[in-house]
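So the structure is just underneath, and the comments pick up after that.
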Amino acid sequence: MLREYDVAVLGIGMAGSIAAFIASMRGCDVAILARGYGATALSSGCIDVLGYVNGNYVRNTLKGLKELELTNPKHPYIVIGRGWKGAKEILSNAFNNLPRELNMLYEGNLEMNMSVLTQFGTYKPTSFIQRTMKNSTLTKCREFRKILVLGIKEYLEFDPQLFTSFISKFLQNTEFCIKFIVDKIKLDLNNVQDLSSITISQLITEPKIFKKLKEELCRVVVKRNPDLVLIPAILSTESREAVTQLSELESSCKCVISELPASPPSVPGLRIQNLLLEILRNREIDIYLCREVKASIHNSKCTSIKCIRSYHDMKVIEIRSRNFIIATGDIISGGIQSTYSIENEAIIKEYKEPILNMPLYIPIQRKFIDIDIFNTEKHSILEIGIEFDENLRPIFGNEVLFDNLYVAGSILAHYNFIAEKSGLGVAIATGYKAGIEASKT
Ligand SMILES: Cc1cc2nc3c(=O)[nH]c(=O)nc-3n(C[C@H](O)[C@H](O)[C@H](O)COP(=O)(O)OP(=O)(O)OC[C@H]3O[C@@H](n4cnc5c(N)ncnc54)[C@H](O)[C@@H]3O)c2cc1C
């Protein structure tokens, strides 16, 4: 089966989806191919744009860019903006042109970071939070008299007691003097003891179980008399349904309720990914979910990608396109693969971009992973990636590798989404820019 498009995108995470959306909005015939879901579906659901530069907390995101240019001039924001001022403009344009459905899911702004609480009992800087989490920031929590942190007996991954002891420690000696009380409810889910948040989220779409959740919430609100209840993220993975569920719970209990950003498997992460899929389908973009992708390359004066081959619906599919975008993510989603070999009793670790075998930037430090997942300075494995120019074309030295290929998202080198808190922000900004560049004739 042979198909021809103006733009073909590899990867259906935030970067690939935004790139495909923008190219389609600019009149291109677009296809998107992916193996499945990646890091976007695992994310806590908040859109981080720039939370830390050089380990320092960033209050004003756009001002943080100026500092970023000084400390990391090769950062994707700075390179595509040709400096911090241009980066500011690209970010503003990218967020102003987000699909309407995605905008409706979020609250926040590009100027000031919020400190949002997480299910771990920590807080982190972020720019946009989902509407169902809108009261889960430190500033909002301060407005409430009595905050109840509510666990669910069948959901062992979230312990309200542990949450409270962690967050109370973190808030000691800060301006945020917030007190929390804790309780747990039981949903009586066929005596199952340990469910994932995603399973609970699916179960509560059943009216009988949702009614039980509502009754239990009302009971605990009457007993404890809070004015805000923080719950783990267990509402629907469909964004509109989640907002409806939340307002139904709030009006029954006569109390404000807010979800906490989650760890994987993450309901809010899946909520974004489901919404992206809906947005792409609404724009009639052809989506091919496939196991393996192989590229065929054409060499003449310059190197171009001729086509992408894959298997879809048990058939071999060949996709030809004027331009291609690769947004296959980092080591977490398989956009970059690592292999081990043993030579002279030493372990040799190698990294590879599997579709086009493009050369990768690898930082010199060898301590790639840190056991402390909250460490804002480590995990330099995330900086491994493809080097790129200001138009997001892949480069090696000063040489552009393919004249019809653009790169976006976490497969890019020179940024570290954990250290900077910039994951979905970079995916959106570079997806937007790649979508514009690839749609040019
Ligand atoms: C646990 C966790 C929590 C996070 N929390 C946050 C957060 O709260 N806020 C935030 O801003 N960021 C967060 N991030 C970071 C953020 O999720 C990522 O930076 C962002 O989602 C990257 O988007 P992407 O589109 O580049 O890649 P991905 O979303 O990983 O998408 C990659 C796509 O490429 C496809 N793919 C991979 N290899 C191939 C192949 N060979 N052929 C075809 N398709 C392929 C995958 O199937 C997938 O569709 C988190 C990340 C993780 C892992």
Side-chain angles (χ1 to χ4, degrees), residues 14-15 17-19 21-23 25-26 46-99 102-103 106-115 124-129 325 327 361 363 376-377 382-383 385-395 397-398 400 405-440:
M14 183 63 95
S17 302
I18 294 295
F21 171 79
I22 293 292
M25 290 294 279
R26 291 166 71 88
C46 303
I47 300 180
D48 305 343
V49 174
L50 188 61
Y52 292 92
V53 176
N54 232 3
N56 298 319
Y57 192 101
V58 171
R59 285 195 191 282
N60 184 312
T61 316
L62 298 178
K63 274 194 189 152
L65 292 170
K66 203 169 173 180
E67 191 63 28
L68 186 67
E69 180 170 357
L70 297 174
T71 56
N72 183 4
K74 288 190 170 178
H75 192 283
Y77 286 149
I78 304 302
V79 173
I80 62 173
R82 298 187 172 116
W84 69 271
K85 284 189 186 149
K88 203 166 140 177
E89 206 178 309
I90 290 183
L91 270 165
S92 301
N93 290 339
F95 279 85
N96 285 337
N97 285 289
L98 278 184
L102 203 57
N103 258 327
Y106 281 95
E107 294 213 343
N109 64 79
L110 267 181
E111 296 282 323
M112 300 304 286
N113 268 321
M114 298 172 258
S115 295
K124 68 160 195 168
T126 195
S127 297
F128 296 89
I129 51 176
I325 297 173
Y361 162 78
T376 53
E377 283 159 24
L382 298 170
E383 290 159 41
I386 296 172
E387 302 216 80
F388 50 94
D389 69 7
E390 64 273 19
N391 293 323
L392 287 173
R393 291 196 299 177
I395 55 169
N398 287 328
V400 173
L405 179 68
Y406 300 87
V407 201
S410 57
I411 194 173
L412 293 169
H414 299 300
Y415 84 102
N416 181 328
F417 79 80
I418 292 185
E420 299 159 10
K421 296 279 173 273
S422 63
L424 290 167
V426 170
I428 289 173
T430 57
Y432 169 79
K433 173 80 174 163
I436 289 184
E437 293 303 320
S439 55
K440 289 179 183 165

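Just so you know, these numbers use all the heavy atoms, side chains as well, and skip hydrogens, waters and symmetry mates. Residues take their numbers from the sequence shown, with the count starting at 1.
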Are any non-hydrogen side-chain atoms of [X] and [Y] less than 4.5 angstrom apart?
{"X": "P76", "Y": "K433", "result": "no"}
{"X": "T430", "Y": "F388", "result": "no"}
{"X": "F417", "Y": "V426", "result": "no"}
{"X": "I78", "Y": "L68", "result": "yes"}
{"X": "S127", "Y": "D48", "result": "no"}
{"X": "L98", "Y": "I18", "result": "yes"}
{"X": "Y406", "Y": "R393", "result": "yes"}
{"X": "I90", "Y": "Y432", "result": "yes"}

Which atoms form the tightest heavy-atom contact between [X] and [Y], and what is the distance?
{"X": "G435", "Y": "I22", "result": "C-CG2, 3.9 Å"}
{"X": "P73", "Y": "V79", "result": "O-CG2, 3.6 Å"}
{"X": "P394", "Y": "I386", "result": "CB-CG2, 3.8 Å"}
{"X": "A434", "Y": "A408", "result": "CB-CB, 4.0 Å"}

Nearest 0.5 Å please: distance from the [atom1] atom of [X] over to the [atom2] atom of [Y].
{"X": "L412", "Y": "H75", "atom1": "CG", "atom2": "NE2", "value": "10.0 Å"}
{"X": "L102", "Y": "M14", "atom1": "CG", "atom2": "CE", "value": "5.0 Å"}
{"X": "W84", "Y": "L91", "atom1": "CH2", "atom2": "CG", "value": "12.5 Å"}
{"X": "K124", "Y": "Y57", "atom1": "NZ", "atom2": "OH", "value": "10.5 Å"}
{"X": "E420", "Y": "E383", "atom1": "CD", "atom2": "CD", "value": "7.5 Å"}
{"X": "K88", "Y": "K63", "atom1": "NZ", "atom2": "NZ", "value": "9.0 Å"}

Short side-chain to backbone donor-acceptor contact, [X] and [Y], under 3.5 Å:
{"X": "N113", "Y": "L50", "answer": "yes"}
{"X": "S439", "Y": "I436", "answer": "yes"}
{"X": "N54", "Y": "N56", "answer": "no"}
{"X": "N72", "Y": "H414", "answer": "yes"}
{"X": "T126", "Y": "I47", "answer": "yes"}

Practice problem: Show your reasoning for whether side chain to side chain contact (heavy atoms under 4.5 Å, CB included) applies to E437 and L392. | Solution: CA-CA 8 Å; E437 293 303 320; L392 287 173; 5.7 Å; no
Exercise. Evaluate the ring planes of Y106 and F128, with Trp represented by its six-membered ring, and classify them as parallel (under 30°), tilted (30 to 60°) or perpendicular (over 60°).
Key: perpendicular
Quiz item: Given the rule in the salt bridge (Lys or Arg N to Asp or Glu O under 4.0 Å) test, do E69 and K66 qualify, once you have shown the distances and angles that lead to the verdict?
Solution: CA-CA 5 Å; E69 180 170 357; K66 203 169 173 180; over 6 Å; no
Exercise. Verify the neighbour count for atom CD of E390: are there more than 12 heavy atoms of other residues, nucleotides or ligands below 6.0 Å?
Key: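 Correct, the count exceeds 12.
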Exercise. Would you please say whether a donor-acceptor pair under 3.5 Å links the side chains of Y77 and S422?
Key: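 Absent: no donor and acceptor within the cut-off.
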